[in-house]
> 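Have a look at this one before I ask anything.
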Amino acid sequence: TNIKELFPIQIFSQKELYALTGNPQKLLELIDSQLDKSKWLANRNSLIEQWLADRATARQLSNAIAEEQNTTAQLKQITNRIDLVER
């Protein structure tokens, strides 16, 4: 493995640092250049979409559970009525 790939660093002189702090946009561009921003954004959007899909599935499951509980309660009421009529 290449050390420069493991530890990517840049060394700046005081004059270069002063120039960078004078223009915040240049500093942001330097930071952004250290990572693949488009890949990061695509990954972020993919994760957001997956999270939204998971939340929709959770809502569907929650609704299904609530519906099952209502159906079970109705079944119990009907069973109780049948038992009452049979007595």
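On a predicted model such as this, the values are computed, not experimentally measured, just so you know.
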> To the nearest 0.5 angstrom, please state how far the OG atom of Ser46 sits from the CG atom of Leu41.
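CG of Leu41 is found 12.5 Å from OG of Ser46.
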> Would you give the length of the straight line joining atom CG of Asp83 to atom CD1 of Ile78, rounded to the nearest 0.5 angstrom?
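Spacing of CG (Asp83) from CD1 (Ile78) equals 12.0 Å.
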> Mind checking what makes side-chain hydrogen bond (donor to acceptor under 3.5 Å, both in side chains) contact with Asn23, not counting sequence neighbours?
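Partners of Asn23 by the side-chain hydrogen bond (donor to acceptor under 3.5 Å, both in side chains) criterion come out as none, since no residue qualifies.
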> Any chain of hydrophobic side-chain contacts (each under 4.5 Å) joining Leu17 to Leu30?
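Yes; tracing contacts between hydrophobic side chains, which count when under 4.5 Å, links both residues.
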> Kindly state each residue pair satisfying side-chain hydrogen bond (donor to acceptor under 3.5 Å, both in side chains) with at least one member in residues 56-82, sequence neighbours excluded.
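Non-adjacent pairs meeting side-chain hydrogen bond (donor to acceptor under 3.5 Å, both in side chains): zero.
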> Scan for salt bridge (charged side-chain N to carboxylate O under 4.0 Å, His left out) pairs involving residues 31-54, sequence neighbours excluded, and state none if there are none.
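Those involving residues 31-54 are Asp32-Lys37.
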